[in-house]
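First comes the structure, then the notes that go with it.
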There are 2 protein chains.
Amino acid sequence: MALRYALLGLLTKGEATGYELNQRFKETMIHFWKAHHTQIYRELGKMEQEQLVSSHVIHQVEYPDKKLYKLEKQGQHLLLQWMMNMNVAQPTLKDDLLLKASLFHLIPKDVALSYLQKAKEQHLFGVGLMNEWRTTHFPGNEFSSADLGEYLTSEFGRRYMQHWIDWCDWAMAIIESEKNKESIERKQE
Amino acid sequence: MALRYALLGLLTKGEATGYELNQRFKETMIHFWKAHHTQIYRELGKMEQEQLVSSHVIHQVEYPDKKLYKLEKQGQHLLLQWMMNMNVAQPTLKDDLLLKASLFHLIPKDVALSYLQKAKEQHLFGVGLMNEWRTTHFPGNEFSSADLGEYLTSEFGRRYMQHWIDWCDWAMAIIESEKNKESIERKQE
DNA sequence: TTTCTCATGTAAAGGGTTACATGATTTA
DNA sequence: TAAATCATGTAACCCTTTACATGAGAAA
């Protein structure tokens with residue numbers, strides 16, 4: 001049900017095609033929501049039937065035709081109602097790496113370490129991208145009032161990735177020290 | 001597909017009923033995976049058909065009968081294969097509050113602040129519970145080698161909640177300073 | 001020559017949530 | 001008296017993912 005609020009929310013910033021909404025999703029909502037393009041097109045179709053949004057086709061010569069979606073009054077009303085009602089659904093997270101990490105006792109320590117090293121590198125890369133994105137979008141940490149939300153949640157994303165990096169470092173240190181304990185025990189035998 | 005690995009993983013620590021697995025899920029995997037009891041029973045049934053696990057019924061007098069599940073060789077093999085193959089699925093996160101936060105420009109600043117205050121309190125409570133849990137399970141930060149994974153991921157959970165608290169504080173400060181700017185602008189008019 | 005961008009979608013399968021069902025015992 | 005604990009599950013629905021389909025132009 002919440003996918004529609006995400007889409008309505010993006011449409012408050014202006015008309016857009018399904019394609020563009022998919023891109024904006026990837027750019028600004030990646031840190032707390034994911035949606036496939038197939039899902040986006042279907043939800044837009046449903047919302048048009050319910051008259052929350054409307055669309056008109058734009059013919060293009062060199063490219064395929066596109067369908068511009070626009071937020072309608074009913075859609076805006078529904079969105080604001082949701083924003084104001086103070087109910088917050090439980091978050092859901094599914095993280096394969098953490099699931100594997102919870103079972104690290106089943107595999108050799110060096111394999112565990114390489115999982116963590118890889119995860120750390122990916123998040124380091126992510127922080128780099130995010131810092132670039134933020135300096136182009138919010139130079140000098142300045143933001144327009146319409147960008148308040150994006151400013152806040154992109155900082156959440158940046159901090160989340162940093163938290164991952166720090167945890168990976170901590171976890172790798174723990175595993176290294178366990179490795180050392182083992183080798184000392186072997187020597188004492 | 002990954003739910004079954006989570007269940008197989010829990011079963012490496014000993015035989016358990018669907019009911020117990022649901023509880024262990026809530027206790028130790030809450031920070032990176034969630035599953036309904038209906039889903040757990042269904043998956044256990046499927047895995048029994050595929051001979052990854054086996055079960056036998058225990059009759060009880062005062063309580064309903066229960067079905068104890070046991071990890072079979074094929075299940076253990078499948079789990080280890082998954083642990084060793086180094087492919088990690090993309091994590092998926094759906095967070096209602098962050099979605100709302102990304103749209104904070106649409107609502108009054110005081111409503112936004114109360115969302116953040118509530119979230120902060122919930123995570124403060126969570127950190128408290130987690131600290132208790134860790135001091136009973138890992139007194140003096142000592143853990144047995146079979147608990148390595150749990151030790152690592154519970155620390156992830158603790159840090160994640162702390163990251164939330166810190167972000168809420170930061171975000172509330174930003175919104176407060178925006179409120180101040182507005183009231184100064186009003187005075188100058 | 002392969003991949004990427006643009007742009008939209010359908011169909012099928014898989015995974016997750018909600019509602020319902022049972023029923024004794026214990027705790028608030 | 002209401003709710004929680006113990007214990008299992010089915011059925012229906014909803015949401016998400018994957019595979020497939022089209023087809024031109026541009027960049028690597």
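In what follows, chains carry the letters A, B, and so on, assigned in the order in which the sequence lines appear, proteins first and then strands, with residues in each chain numbered from 1.
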Q: Measure from the side chain of Y41(B), starting at C-beta and using heavy atoms only, and say which of dG9(D), dG16(C), dA7(C) lies closest.
A: dG9(D)

Q.
Categorize Q90(B) for me: base, sugar-phosphate, or nothing, with a 4.0 angstrom heavy-atom threshold over every strand shown.
A. nothing

Q. Which whole-number value in Å describes the distance from H56(B) NE2 to dT8(D) P?
A. 12 Å

Q) OP1 or OP2 of dC6(C) sitting under 4.0 Å from any side-chain N/O of Q23(A)? A) yes

Q: Give a yes/no on whether any side-chain N or O of Q60(B) is located under 4.0 angstrom from OP1 or OP2 of dA7(D).
A: yes

Q) Nearest-Å distance, CE (M47(A)) to P (dC15(D))? A) 12 Å

Q: Look at the side chain of K94(A) and decide which nucleotide, out of dT16(D), dG16(C), dC6(C), has an atom nearest to it.
A: dG16(C)

Q. Going by atom types alone, do Q162(A) and D166(A) pair a side-chain donor with an acceptor below 3.5 Å?
A. yes

Q: Measure distances between side-chain N and O atoms of R4(B) and base N and O atoms of dG15(C), and say whether any donor-acceptor pair falls under 3.5 Å.
A: no

Q. Do K109(A) and E178(A) come close enough that some side-chain heavy atom pair is under 4.5 Å?
A. yes

**Q.** Shortest side-chain distance from Q39(B), nucleotide among dA7(C), dT17(C), dC15(D)
**A.** dT17(C)

Q: Check every atom of dT8(D), dG16(C), dA7(C) against the side chain of H37(B) and return the nucleotide holding the closest atom.
A: dT8(D)

Q: Between dT18(C), dA7(D), dC6(D), spot the one nearest the side chain of H36(B), thanks.
A: dT18(C)

Q. If you check the Y69(B) side chain, which of dG9(D), dT8(C), dG15(C) turns out closest?
A. dG9(D)

**Q.** Side chain of L3(B) (C-beta onward), nearest among dG16(C), dT16(D), dT8(C)
**A.** dG16(C)

Q. For the side chain of T38(A) and the base of dT16(D), is some donor closer than 3.5 Å to an acceptor across the two?
A. no

Q. Choosing from dA7(D), dG15(C), dC6(C), which nucleotide comes nearest the side chain of Y19(B)?
A. dA7(D)

Q) Reckon K67(A) touches a base, only the sugar-phosphate, or nothing at all at heavy-atom distances under 4.0 Å? A) sugar-phosphate

Q) Between H137(A) and F143(A), does the ring centre distance come in under 6.0 Å? A) no

Q) Do Y115(B) and K100(B) have a side chain donor and acceptor closer than 3.5 Å? A) yes

Q) In whole Å, what is the span from the CD atom of E20(A) to the P atom of dC6(C)? A) 9 Å

Q: Please determine if E15(B) and K70(B) form a salt bridge, counting it only when a charged side-chain N lies under 4.0 Å from a carboxylate O.
A: no

